[in-house]
Enquirer: 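Pasting a structure here, questions to come.
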Amino acid sequence: MGRPFRRATVSTLPVLLALGFSLVFAVNASGASRANVSVRVIEASSSGDRIDPKLSDIKAKLSAQFRFSSYVLKSSRRLSLAQGSAQTVALPESRVLDITYLGDKGGRAEFRVKIMRGNAVTLNTKLTLKNGGEFLTVVSSKGPKSLILTIKASF
Amino acid sequence: MGNREDGHPSRELIERYHDGELEGAARAEVEGHLEGCPECTSCLEEAAVIGEALRTGIDHAVGSEDLDRLWGGIAYSVEPGRGVVPAGPGLFDRLRDALMPGGRLLRPALAAAAAVILCVAILLRTGGEDGPVPERQCIVESIDTEEATLVLLHAEATDTTILWLIEEEVI
């Protein structure tokens with residue numbers, strides 16, 4: 001190795017730098033224009049003793065946060081939201097989950113999340129999630145069962 | 001008394017009389033001789049002139065001369081074998097040059113090392129227990145509800161945010 005190697009290194013260095021910078025800006029651009037949201041609808045109950053195997057990845061989290069003895073996965077959806085667009089997810093008992101991707105906010109994804117039942121807006125919240133961030137929503141009534149919604153974003 | 005064989009006081013005695021070193025009978029004897037002896041009086045006057053000249057020279061030397069150099073000159077005169085002390089760097093200067101070769105380059109290097117150490121210390125400090133607070137997965141900006149009771153929970157240990165809605169109607 002000698003001068004030919006050195007010349008090759010010098011000539012490729014600007015290319016590598018340009019590629020690196022373009023990758024950085026590409027990641028930021030995808031985070032700003034689009035967000036992927038995974039939604040899981042879980043029926044939780046204090047009767048029974050069963051944890052759905054499809055929930056094995058969050059079994060520990062569920063056990064740590066709640067005192068329910070039974071968890072059953074009712075549905076799972078993956079949404080791809082462009083900035084400013086909204087999509088809905090059907091929930092048990094005529095409820096609807098409505099998610100709007102508002103855009104990038106300081107490197108976080110901003111969403112508006114609504115839960116509606118008929119004409120009533122049971123929940124209307126605006127929040128931000130970091131990439132891979134998640135939050136839970138529990139909907140309980142006077143019955144023995146509750147709904148647990150896990151909403152996770154990636155961008 | 002220290003007189004010469006011809007009865008005149010010796011030159012040394014006259015000089016001692018001039019310097020005020022004679023007392024009592026010895027002084028009186030010299031004074032008595034000087035009154036009648038022009039030769040010894042001339043010798044006394046000569047001693048006075050020489051003595052004045054010597055004092056003037058010493059005063060001038062002490063007032064204007066660098067005493068360090070004066071000491072070096074005296075040392076040389078006392079110990080001729082030492083020779084004249086050279087006018088180069090002293091002991092401290094020689095030690096400094098011996099312990100810090102290339103001192104001109106060492107100073108910026110030390111400054112750079114200190115800056116690096118300071119930066120590392122700052123990074124360690126801010127990344128430690130008192131460092132910046134981790135960013136939460138979920139930050140709720142606004143929340144509203146109808147026909148339900150809402151409880152907002154956050155588990156710090158797992159960084160889990162839970163919005164718990166308690167509907168008023170029976171499912």
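Chain identifiers are assigned alphabetically (A, B, ...) following the order of the sequence lines, protein sequences preceding nucleic acid strands; residue numbering begins at 1 within each chain.
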Enquirer: How close do Glu141(B) and Lys105(A) get, counting heavy atoms only, and between which atoms?
Expert: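 Looking at all heavy atoms of both residues, the shortest contact is OE2-NZ, 2.8 Å.
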
Enquirer: Evaluate the side chain to side chain contact (heavy atoms under 4.5 Å, CB included) criterion for residues Arg108(A) and Ile139(B): first the C-alpha distance (whole Å), next the side-chain angles of each, then the deciding distance (0.1 Å), finally the verdict.
Expert: CA-CA 10 Å; Arg108(A) 301 169 66 93; Ile139(B) 299 176; 3.3 Å; yes

Enquirer: For the atom pair CG (Leu136(A)) and CH2 (Trp164(B)), what is the distance rounded to the nearest 0.5 Å?
Expert: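 CH2 of Trp164(B) is found 10.0 Å from CG of Leu136(A).
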
Enquirer: Does Thr125(A) reach the main-chain N or O of Ser142(B) with its side chain, forming a donor-acceptor pair under 3.5 Å?
Expert: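 It does hold such a pair.
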
Enquirer: If you count heavy-atom pairs under 4.5 Å between each of Leu129(A), Ile115(A), Leu147(A), Thr128(A) and chain B, which one has the most?
Expert: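 When all of Leu129(A), Ile115(A), Leu147(A), Thr128(A) are compared, Thr128(A) has the most.
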
Enquirer: For chain B, which residues from residues 47-67 of chain A have at least one heavy atom closer than 4.5 Å to it?
Expert: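 Against chain B, the residues of residues 47-67 of chain A that fall inside the cut-off (heavy atoms, under 4.5 Å) are Lys61(A), Gln65(A), Phe66(A).
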
Enquirer: Can you see which heavy atom on Arg117(A) is nearest to which on Glu167(B), and at what distance?
Expert: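 Arg117(A) and Glu167(B) have their closest heavy atoms at NH1-OE1, 3.3 Å.
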
Enquirer: Are more than 12 heavy atoms from other residues, nucleotides or ligands located less than 6.0 Å from atom CG of Asp6(B)?
Expert: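 Enclosed: over 12 neighbouring heavy atoms sit under 6.0 Å from CG of Asp6(B).
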
Enquirer: If you count heavy atoms of other groups shown closer than 6.0 angstrom to NZ of Lys152(A), is the number above 12?
Expert: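 Not buried by this count: 12 neighbours or fewer within 6.0 Å.
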
Enquirer: Apply the test side chain to side chain contact (heavy atoms under 4.5 Å, CB included) to residues Ile143(B) and Leu123(A): give CA-CA distance (whole Å), side-chain angles for both, the deciding distance (0.1 Å), then the verdict.
Expert: CA-CA 7 Å; Ile143(B) 194 166; Leu123(A) 174 66; 3.9 Å; yes

Enquirer: Do you know which of Ala153(A), Pro92(A), Gly133(A) has the most heavy-atom pairs with chain B at a distance under 4.5 angstrom?
Expert: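 Looking at each of Ala153(A), Pro92(A), Gly133(A) in turn, Gly133(A) comes out on top.
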
Enquirer: Using a heavy-atom distance cut-off of less than 4.5 Å, which residues of residues 149-158 of chain B contact chain A?
Expert: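 The stretch touches chain A at Leu150(B), Ala155(B), Thr158(B).
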
Enquirer: Apply the test side chain to side chain contact (heavy atoms under 4.5 Å, CB included) to residues Phe135(A) and Ile162(B): give CA-CA distance (whole Å), side-chain angles for both, the deciding distance (0.1 Å), then the verdict.
Expert: CA-CA 6 Å; Phe135(A) 79 99; Ile162(B) 301 173; over 6 Å; no

